[in-house]
There are 2 protein chains.
Amino acid sequence: MSTIAMARNGDLRRAILDESRRLLLEEGYASVSMRKVAAAVGCTATSIYLHFENKDALIHALIEEGMDLLHEVLLEASCCETPVPERYKGMCRAFLDFGLANREYYEIMFQMTPMEMRRYPTEKYRKARRNLELFAEVLLEARGTSTDFDPALGSIVLWSQLHGALSLIHAQRVDKRYDTEVFIDSTIAHAMCLLQPASTSSPTHS
Amino acid sequence: MSTIAMARNGDLRRAILDESRRLLLEEGYASVSMRKVAAAVGCTATSIYLHFENKDALIHALIEEGMDLLHEVLLEASCCETPVPERYKGMCRAFLDFGLANREYYEIMFQMTPMEMRRYPTEKYRKARRNLELFAEVLLEARGTSTDFDPALGSIVLWSQLHGALSLIHAQRVDKRYDTEVFIDSTIAHAMCLLQPASTSSPTHS
DNA sequence: ATCGGCAGGTTTACAGTGTAAAGTTTACAC
DNA sequence: GTGTAAACTTTACACTGTAAACCTGCCGAT
């Protein structure tokens with residue numbers, strides 16, 4: 001009823017986004033269908049198309065919101081007052097916690113492949129890149145830049161490692177003998193070695 | 001015509017699996033629908049249900065085939081004659097190559113989440129675990145077992161790292177400035193540090 | 001030889017999906 | 001008041017997974 005009022009008040013686009021997010025987080029991705037969103041918002045399925053080109057565009061908008069949320073979390077963890085190793089560790093943990101606490105959000109942000117969705121448009125990667133840059137900064141501070149270390153590349157390697165862990169946890173493919181926290185701790189421990197130059201373990205560029 | 005003959009020859013289940021795999025690899029997951037599989041095989045959509053409980057069960061059977069294929073590849077790479085670091089590196093590369101060369105296979109094996117599919121039944125994880133054990137073996141050989149290193153846990157951490165890399169490549173979320181090969185090389189370089197005990201980077205168990 | 005049952009297959013149907021096309025209402029400028 | 005443009009609804013289509021009912025040919029017992 002109140003949502004219907006919102007719709008009539010003109011900002012239907014906003015209402016659609018809000019209800020989509022609620023459906024996504026509360027009832028899972030399977031419940032985000034044009035008809036269900038429309039019903040929740042109090043309009044017709046097809047009128048969503050007046051505000052979003054298609055379902056993918058709607059999902060893309062949600063992804064962007066998720067990227068903003070993640071950015072806030074990472075910004076807070078990357079406070080420059082704490083020394084590098086702790087700060088780095090804190091950022092890794094913040095990323096992992098975000099993924100664990102916002103499963104559905106995380107999945108549409110990083111897990112959704114071209115298999116089930118048109119590719120996330122390239123021009124929208126800005127916000128995703130911003131998050132990586134926070135990791136690159138702390139890597140740069142720890143190791144500097146030289147011919148045998150590229151912070152940007154390092155941040156991608158780090159990201160992919162953290163992402164892999166979340167991906168397997170979400171898909172519930174991690175052996176139940178290991179508690180999630182044990183796995184997470186080991187993941188962070190492994191990630192720590194990107195901080196130190198090692199004879200065989202530094203990502204080098206060309 | 002020949003496939004129809006196959007179906008009539010009794011082994012319809014086999015024909016369904018073959019055509020599903022072909023559709024998956026040649027036309028992508030989106031083309032694996034009960035009706036399309038049935039059309040390709042020369043039977044009705046619903047008669048697939050006589051051989052598979054539902055679509056998920058069909059996909060699960062394909063996953064199992066994929067696990068077998070991966071196992072062959074890893075077995076070959078884990079030949080005990082080459083010294084540990086090279087062997088380890090070779091196995092990592094074999095895993096990554098498998099993921100790169102068999103995108104669609106890999107995605108249904110590891111990328112498909114409960115979001116879009118009923119969970120892969122626990123009793124079928126045997127084959128998936130076999131593959132992890134190959135990694136655990138070489139880790140054990142390199143570092144032994146002690147209070148501060150658990151090869152099984154280490155293999156999961158390694159696996160999650162390799163998986164993360166493949167996942168991002170598949171979803172085309174890796175910055176185009178970096179060639180896939182450069183990223184892959186950096187990933188392997190980072191994975192190498194699981195071979196050496198390091199003050200802060202060894203996965204410990206409880 | 002015939003009947004019963006049954007495994008394997010088909011027909012039909014239903015409820016759900018995304019979305020295109022056409023029709024309707026509302027709001028505002030002149 | 002009338003013209004126009006934007007916002008929204010109605011209707012429709014092609015597609016999905018799958019349940020229920022029906023048919024059909026084989027195999028073993030009477």
note: K55(A), atom NZ; dT19(C), atom C1'; distance rounded to Å ~ 12 Å
Whole-Å distance, I48(B) CD1 to dG8(C) C1', equals 14 Å
Practice problem: Begin with the C-alpha distance, continue with both residues' side-chain angles, and end with the deciding distance and a verdict on side-chain contact (heavy atoms from CB on, under 4.5 Å) for F110(A) and L70(A). | Solution: CA-CA 12 Å; F110(A) 298 115; L70(A) 175 58; 4.1 Å; yes
E53(A) atom CD is separated from dA20(C) atom C1', nearest whole Å, by 13 Å
Do H190(B) and Q161(A) get their side chains close enough for a donor-acceptor pair, meaning under 3.5 Å?
yes
Whole-Å distance, M34(A) CE to dT19(C) P, equals 6 Å
Of all heavy-atom pairs linking M192(B) and P85(B), the shortest is CE-O, 3.9 Å
- request: Report which part of the nucleic acid T44(B) touches: base, sugar-phosphate, or nothing (heavy-atom distance under 4.0 Å, all strands).
  value: base
* Has the side chain of R35(A) got a donor or acceptor that lies under 3.5 Å from a partner of the other kind on the base of dG16(C)? -> no
Re dC30(C): Watson-Crick or G-U wobble partner, both distances kept under 3.5 Å, found to be dG1(D)
Between CG of L50(A) and P of dT24(C) the distance, given in whole Å, is 17 Å
With a 4.0 Å cut-off on heavy atoms, is T46(B) in touch with a base, just the backbone sugar-phosphate, or nothing at all?
base
Whole-Å distance, L58(B) CG to dT18(D) C1', equals 14 Å
